Structure formats: structure tokens, C-alpha cells
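Encoded as C-alpha cells, the structure appears first; notes follow it.
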2 protein chains.
Amino acid sequence: MPEAITQSIQDYLKHIYELNENGGSASTNDLAARLNIAPASVTGMLQKLANAKPALVIYKKHQGVKLTKSGEKAALEVIRHHRLLETFLVNTLGYTWDEVHCEADKLEHVISEDFEARMAEALGHPTRDPHGEPIPTADLTMPADSSCPLASLRTDETATVRKVVDDDPALLRHLREIGVIPDAKITVKNYSAFDGNLTIKVEGQRSNIVLGSAITNHVYVEK
Amino acid sequence: MPEAITQSIQDYLKHIYELNENGGSASTNDLAARLNIAPASVTGMLQKLANAKPALVIYKKHQGVKLTKSGEKAALEVIRHHRLLETFLVNTLGYTWDEVHCEADKLEHVISEDFEARMAEALGHPTRDPHGEPIPTADLTMPADSSCPLASLRTDETATVRKVVDDDPALLRHLREIGVIPDAKITVKNYSAFDGNLTIKVEGQRSNIVLGSAITNHVYVEK
DNA sequence: AAAATTATTTAGGTTTGACTAAATTACATT
DNA sequence: AATGTAATTTAGTCAAACCTAAATAATTTT
Ligand SMILES: [Mn+2]
Ligand SMILES: [Mn+2]
Ligand SMILES: [Mn+2]
Ligand SMILES: [Mn+2]
């Protein structure tokens, strides 16, 4: 009998998925930092996840973990819930994109598959959440996303904003104010090699904006 | 510092509230039955709730418990969440009244006060849930409800259905089919002293219906 | 290559909220 | 008043998921 996938486990798997996304394996300390849990506790849980039947992660001492197929499915299930919920909160209850994260983080573990299906239906089966993150499909495959960090663009390049990968409400509010939101068309006016600052023009906005790399590394665009 | 009100505790308080409603105190065994927990475990929790600061229940050995003011506020908080959620699920996501209970039972512990407020706003501050149960107000007072069991009516009496106090999906579907839903106008055509059966006519429905006391004790009406 | 630093694991412990089995109390009946 | 039954409590366990402190392994610096 497959072990129960508790809320705690769902959180581990979700964060492992995100740490795995850029190819590497998820380290004990990175996970501990993201989950706000002591590293020793993470080790214990990783061993448990690796010994579960079916195994949810591949674990070798001192080498971090990667999700197995089972683990990935479970992770995508949670991520789908999270992103659909964020979309639902914005579209149906008038939340702004900086307010949805906490709420979705709690609800994602609790809603039924029926609730998920009804939300998806009511929202017209959206493919991206309010931050532009792709929403895994109902059969749990993650849509391809070919966007790249805004920070990688150079002078005169033009692109469309796809997603913002940061949950900080203050940053999200700021980005909304200056029009840097999914689907915004932007042009790079200047790149400063010293500090990495980008001067950009957002289509429909009055003046140019200068963004530091702390921001441009978290905004993804498609050329 | 007030003790944390966990999901478990919220469930205890909610059920104690309901058992207290008809005046009496909530017995260990009744609670155990409702919560699907061994009586011994309930005793342990009741002692904990009584020793909490502030105390959430009044407990004396072998005499069951009653909620304190603090306990009642916490209970009403959960009940408000539950009933608003049920209403939201029906009005916004197309659930039927027999489908909402389980979902609301999980979500009630997890939504924020902000979510609660937005739901109430979106629904136009409803005063009753889909089953006709009164929804505690935002400041946590339970609206008065003067309805009485349908079972207490006799031949020729007329009344309006107010609420159905039963979660059994099959029963709820059946009642909907025969038109016994909140606001339905009914007239008692016959009362059988032997088995307690009531023959009733539901306004707008073709034929009379005979209901046993297992049903009429769970349907509340207002004369 | 050794030392120092950082990352990770092991060992032992706590809290929450359950459980079972046995003991006790309360209540009903004779 | 004594006995039998039902309700409740006590006592002792357990599992999940966290913790801290100490030990070990890996990595970086000297
Ligand atoms: Mn799902
Ligand atoms: Mn998001
Ligand atoms: Mn509330
Ligand atoms: Mn209800």
C-alpha cells in the first residue's frame, strides 16, 4: 500500500521539484532554508521519502535528492492546485497578485480533486497563473516554458514579459505599478555592464525604468 | 499567551457547540461518536481544553463539557467559515447541497479571515447556508432561529421549511427531489400516531408525500 | 597535504493527538 | 442496599514531524 502523502510531504516534494527545475539536485540545506525547518529534520524526511514504497525521491548521503516519477507526479499535483488556486483567488474573489501566495499555500493541500476540476472549468482551463507561471495540466504534465531572465537581454532587444518568479508582495506591487506584468511588451534601452542595471521601456508606459539585477533575474521574458 | 487553536481543537469546539445547542452539556461519548475518536482520547482533549488559558470549556469529571465564552467564539468562527464555504461552493462553483459538506469540513480550518471576508462580500453577506442553517455574523453572534422539527406538526398545520440538519448526501438528494428544501411551503395532510409518519403536501409539487420520523426530525420548519 | 570551514547526518528528545486495556464512577434494576 | 451495566477516566503506547547538540563527511583555503 502506498504511504500517505501528508501535507508536510507535499511541501517537501513541491520545493524539491522547484530546486530540481534547473537541472541540479535539491540539497538538504536549500530545502531546509525554503521550508524553514532545521537541516537535521530535512535529512530525516528525505530518508523517509526515499524508503517509501513507491520511493518519492532518490537519495544518496551528502548528494541531495531528485524526484522519482512518483514524486514528480505528487509534486505536480500540488503545484497545479497552487497555481489554479492563485488564479481563482484573483479572478473570482478579487485578490491582487501580491496577496494570493499565502492563501494558496494553505489551500493547496486541502482541496479535493473535484474542487480542482470545478475551478479549472470555471476559469476556462487557464494555462498560466497570475504571476505567469505555467499550470500543470489535469494529467500532470508541466507545459514547456521557453522564457529567459530579463537580465539576459541587452540594448535594443525586445521581448514580452512571461512570468515573475518571486513571492515578495512589495516587489509584486511595485512591478504592477510600473507595468511589468505578464504580456507586457518591453524594449531594452540600455545595459550597464558595471552594475547589471537595465533601462527598459514598457509599451504603454510614459517613461523609461531602470531595474537592478535583483529584479531582472526574477522577471522572465520571451524574445 | 493564549494556546494555539489547532484544527483538532476547532473540530472539538464545533461539535461541542452543536451538542450544547439544545441546552445540555456535551458528553464524552457523544463527542467521541461525532469525531470518530475513542472516548479515552476525548477525555484527554477535554482536560486540555479546560486547562487552557483562557479555558475553552468547563469540565467536571463525568459531567460532560460546556463551552466558555472564549470557546464559543472559537466555535462560532469555525461554524461561520463552514457555512460561508458551503454557500460559496454552491453559488460560485456549482456544487449541489449534498456535495458541500466534506469539502467545507476541510477548508474551514485553513482559510484566512481575509478569505472569509471576501466570500461574505461576494455572496452578499448571506444569513443562511444551503441547508438553511444560520450563518454566524462577522462579529460572531449566532442569529436566532425559531424553527421547530417538522415532526412536531400535526394535521392541517402549514409551515415553511427552514433547514435540514443532516449531512447524509443520499437523504439530501432525496429531499431536493421531492421539493423539501429551504423556503418550501408545506401543509400536513395527515399524522399517524402509530409510526409518527407525516403525510405532507409541498406547494408546487404534484402529489402528497409520506415522511417517517427519521426524516421529519431532521427537517426544521417555521409555522 | 593539512587545516579550517561548511554541509550533512546521527542520536536523542519533545509535542500533538491519537490508540488500547484496565480501572473507576455513575446509573439503573432488582 | 446490592448488583449489573454503561459511561468515563487513567495509564501506558505510538507515530508523525519537528527540535538541538554532537559527530562526521565534503569542500575550500592556506
Ligand atoms: Mn489535484
Ligand atoms: Mn504563482
Ligand atoms: Mn473567521
Ligand atoms: Mn450546512
Side-chain angles (χ1 to χ4, degrees), chain A residues 1-16 19-20 24-66 71 74-75 78 105-106 108-110, chain B residues 1-16 19-20 24-53 55-67 71 74-75 78 105-106 108-110:
Chain A
M1 63 224 80
E3 331 262 320
I5 295 186
T6 63
Q7 296 196 10
S8 250
I9 293 177
Q10 288 179 3
D11 276 332
Y12 276 89
L13 296 176
K14 180 174 72 165
H15 284 103
I16 294 169
L19 288 168
N20 280 175
S25 65
S27 79
T28 303
N29 266 16
D30 285 357
L31 271 171
R34 274 176 173 252
L35 294 164
N36 254 299
I37 280 173
S41 307
V42 172
T43 299
M45 180 60 97
L46 295 184
Q47 290 168 347
K48 178 177 163 182
L49 297 182
N51 294 327
K53 288 179 285 190
L56 298 168
V57 304
I58 305 292
Y59 169 78
K60 276 179 197 151
K61 279 187 192 180
H62 298 278
Q63 291 182 217
V65 288
K66 284 189 176 180
V78 185
D105 259 354
K106 293 182 298 172
E108 65 189 7
H109 308 293
V110 165
Chain B
M1 61 225 82
E3 331 262 321
I5 295 187
T6 64
Q7 295 198 9
S8 249
I9 293 178
Q10 288 179 2
D11 276 331
Y12 276 89
L13 295 176
K14 182 175 71 165
H15 284 104
I16 293 169
L19 288 168
N20 279 175
S25 65
S27 79
T28 303
N29 267 16
D30 285 357
L31 272 171
R34 274 176 174 254
L35 293 164
N36 254 300
I37 281 173
S41 308
V42 172
T43 299
M45 181 60 96
L46 295 184
Q47 290 168 348
K48 178 177 164 183
L49 297 181
N51 294 328
K53 288 179 283 191
L56 298 168
V57 303
I58 305 292
Y59 169 77
K60 277 179 196 151
K61 280 186 191 178
H62 298 278
Q63 292 182 215
V65 288
K66 283 189 177 181
L67 292 175
V78 185
D105 259 354
K106 293 182 298 173
E108 65 189 7
H109 308 294
V110 165

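Not measured: the values here are computed from a predicted model. Throughout, a chain's letter reflects where its sequence line sits, starting with A, and its residues are numbered from 1.
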Residue whose closest nucleotide on DNA chain D lies nearer the 5' end, B/Asn29 versus A/Ala38: B/Asn29
Given C/dA18, C/dT25, C/dT10, the nucleotide with the shortest approach to the side chain of A/Thr43: C/dT10
Nearest listed nucleotide, side chain of A/His62, among C/dT8, C/dT20, C/dA26: C/dT8
Can you find a side chain N or O atom of [X] that sits less than 4.0 Å from OP1 or OP2 on [N]?
X       : N      : result
A/Gln63 : C/dA7  : no
A/Thr28 : C/dT9  : yes
B/Tyr12 : C/dT16 : no
A/Lys61 : C/dT10 : yes

Spacing of B/Ile5 atom CD1 relative to C/dT16 atom C1', expressed in whole Å: 15 Å
Rounded distance in Å - CG (B/Leu31) to C1' (C/dA18): 15 Å
Approximate separation, where rounding is to 0.5 Å, of B/Ile16 CD1 and B/Ile58 CD1: 11.0 Å
Distance, nearest 0.5 Å, that separates CZ of B/Arg34 from CG of B/Leu19: 4.0 Å
Heavy-atom side-chain proximity of B/Val78 to B/Leu13 below 4.5 angstrom: no
Side chain A/Asn51, main chain A/Ala55, donor-acceptor under 3.5 Å: no
Basic-acidic side-chain contact under 4.0 Å: A/Lys14, A/Glu108: yes
Touch class at under 4.0 angstrom, heavy-atom based, for B/Ser8 against every strand present: sugar-phosphate
Start and end of chain A contact along DNA chain D [non-hydrogen atoms, under 4.0 Å]: D/dA16 to D/dA26
Side chain to side chain donor-acceptor pair (under 3.5 Å) partners for B/His109, two or more places apart: B/Gln10, B/Asp11
